[in-house]
Each structure stands twice: as structure tokens, then as C-alpha cells.
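First the structure, in the form of C-alpha cells, and then the observations on it.
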Amino acid sequence: MKFGNENAKSQELYEWFRHKYNFGELGLFECIAIASLKVENLKYALSSIVIAPAGEAKTDIIRDVKTIFDNEVILKEGIVSEYWIIRNISQDNLNEKIFCVGDMSDSIKSMQGRRVNGMLAFFKNIIDGHAQIQQANTDIDYHVKKTAFILNIPQQSMTDKAVGHLVSTTFFDRTIPFK
């Protein structure tokens, strides 16, 4: 669904998402996060972590939000890491974008705890505007502006003690959790 202009009323968005998914708060919340890219004098765009049980349409809602704000959203489904980002997305393409991860559980399950921590630290540093990563004995610097993340994390992943601790200590200070 396309709303046609950036001045779409939040009530219309809420009602549209509520009608389609039986809950409109998440769709509206993600639209607000993406619209934050356009707010003047806002140094950082709004990043968020969406925590909900599996099967609650988190990824479907992000896909729908992407259709509304296509130029502002980068959606990654499947496994994502900081190395995937530097290989596939240039710094310029990350500027003033919301990077959405459809389901963080795939990435969390495929990596050891230290790697998950490193990935989340990289994401946090991207939000701050500068991240550095080592690859093949070389430091790669990423300088971006107004880049944010929306990460979908199944509630079951957060109940895992190690994962919940990593996410809450590494990433919650830069994001708005939505549960």
C-alpha cells in the first residue's frame, strides 16, 4: 500500500496496520521511526528493537513499511553481520537510512556469543556515526550520518540468558525497545 505523500496521518497508518494484522501499534511505531530520518535538527534517527513471539508478523510488517518508505529502508532477511554490511552496502547507501533486520534469531543462532556482541557493538557504533572493523589485517572505517536500525528479535531469543544479556547490555542504550 502506498500512501502517496509524507504527510499521511498517523491514524490512517494505525488503522491500516490494525486492519491487516489485528494490531496497528507496531506498524505505526516503525513508520514513526523511519519518519524520524526527515526530522530537522534531530541528530540521530530512532532505532528500535521489536521483541515479540514468533509468528507475530514482525517481518511482514517491516516489508509493508518498506513499501511505504522504500527509499529510506534497507531490509535484510536471513543472517546479517557487520561483515555482510561492509561487503554489500556502501557508506553512502547507509546515510539517512533505517537498516531493518527481519529476524535477528537467524544471526544469533549462527554466531557465538562474542560474535553476536561484536555485531551489536558495530550496529551501535553505526548509530553513533562511526564504526571500525578489522578485515584481513586492515581496519575499515565506516562514517555514516543519521543511520538507524530496526531489529526484530523473537521473544524466545531474549529469554536465553546469554542472548538477552548481550542484547540488553550492548544495544538497549541506543534503541527504543518495543514489546
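This chain uses plain numbering: 1 for the first residue, then up along the sequence. For the numbers below, each heavy atom of this structure counts, side chains included, while hydrogens, waters and symmetry mates do not.
- Of all the heavy atoms in Met119 and Ser107, the pair that sits closest is CE-CB, 4.2 Å.
- The stretch residues 91-101 participates, sequence neighbours left out, in these side-chain hydrogen bond (donor to acceptor under 3.5 Å, both in side chains) pairs: Ser90-Asn93.
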message = Go through it in stages, so that I can follow the logic: the residues are Ile74 and Ile89, the test is side chain to side chain contact (heavy atoms under 4.5 Å, CB included), and I'd like the CA-CA distance, side-chain angles, deciding distance and then a yes or no.
response = CA-CA 9 Å; Ile74 298 170; Ile89 303 173; 3.9 Å; yes
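- Contact check on Lys38 versus Glu72 returns a salt bridge, with a Lys/Arg side-chain nitrogen under 4.0 Å from an Asp/Glu carboxylate oxygen.
- In this structure, the side chain of Lys76 engages the main chain of Ile79 through a donor-acceptor pair within 3.5 Å.
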request  = Under the salt bridge (charged side-chain N to carboxylate O under 4.0 Å, His left out) rule, what do Arg63 and Glu77 come out as? Steps first, then yes or no, please.
outcome  = CA-CA 10 Å; Arg63 285 185 199 126; Glu77 296 184 51; 2.6 Å; yes
Side chain to side chain contact (heavy atoms under 4.5 Å, CB included) between Phe178 and Ile51, intermediate numbers included = CA-CA 6 Å; Phe178 186 92; Ile51 303 166; over 6 Å; no
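- The shortest heavy-atom contact between Asp128 and Tyr44 is CA-CE2, 3.9 Å.
- Every residue was checked against the ring-ring contact (aromatic ring centres under 6.0 Å, His included) condition with His165, not counting sequence neighbours, and none meets it.
- Remark: the backbone N or O of Val144 is not paired with any side-chain donor or acceptor of Thr147 at under 3.5 angstrom.
- Listed for the Ser47 side chain is a donor-acceptor partner under 3.5 Å among the backbone atoms of Phe149.
- By the side chain to side chain donor-acceptor pair (under 3.5 Å) test, Lys20 pairs with Asp64, sequence neighbours left out.
- In terms of the side chain to side chain donor-acceptor pair (under 3.5 Å) criterion, residue partners of His130 (sequence neighbours excluded) are, by chain and number, Asp141.
- Hydrophobic cluster membership for Leu42: Val39 (Ile, Leu, Val, Met, Phe, Trp, Tyr linked by side-chain heavy atoms under 4.5 Å, directly or transitively).
- By the 4.5 Å heavy-atom criterion applied to side chains, Val50 and Leu26 are counted as neighbours.
- The minimum heavy-atom distance between Ala148 and Ile127, with the atom names listed, is CA-CG1, 4.4 Å.
- At a threshold of 4.5 Å between non-hydrogen side-chain atoms, the residues Lys146 and Ile98 do not count as touching.
- When all heavy atoms of Ile150 and Ala33 are compared, the closest pair comes out as CD1-CB, 4.2 Å.
- Residues Trp16 and Leu28 are not in side-chain contact: their nearest non-hydrogen atoms beyond the backbone lie 4.5 Å or more apart.
- Ring geometry for Tyr142 against Phe122 counts as tilted: the plane angle lies between 30° and 60°, on a 0 to 90° scale.
- Scanning both residues, Val101 and Phe99, for their nearest heavy atoms gives CG2-CE2, 3.6 Å.
- Residues passing the side chain to side chain donor-acceptor pair (under 3.5 Å) test with Glu82 are Arg115, sequence neighbours excluded.
- Of all heavy-atom pairs between Ser157 and Ser105, the closest is OG-CB, 3.5 Å.
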inquiry  = With side chain to side chain contact (heavy atoms under 4.5 Å, CB included) as the criterion, how do Lys58 and Asp103 come out once you've worked through the C-alpha distance, each side chain's angles and the decisive distance to 0.1 Å?
reply    = CA-CA 8 Å; Lys58 295 180 297 297; Asp103 186 347; 5.9 Å; no
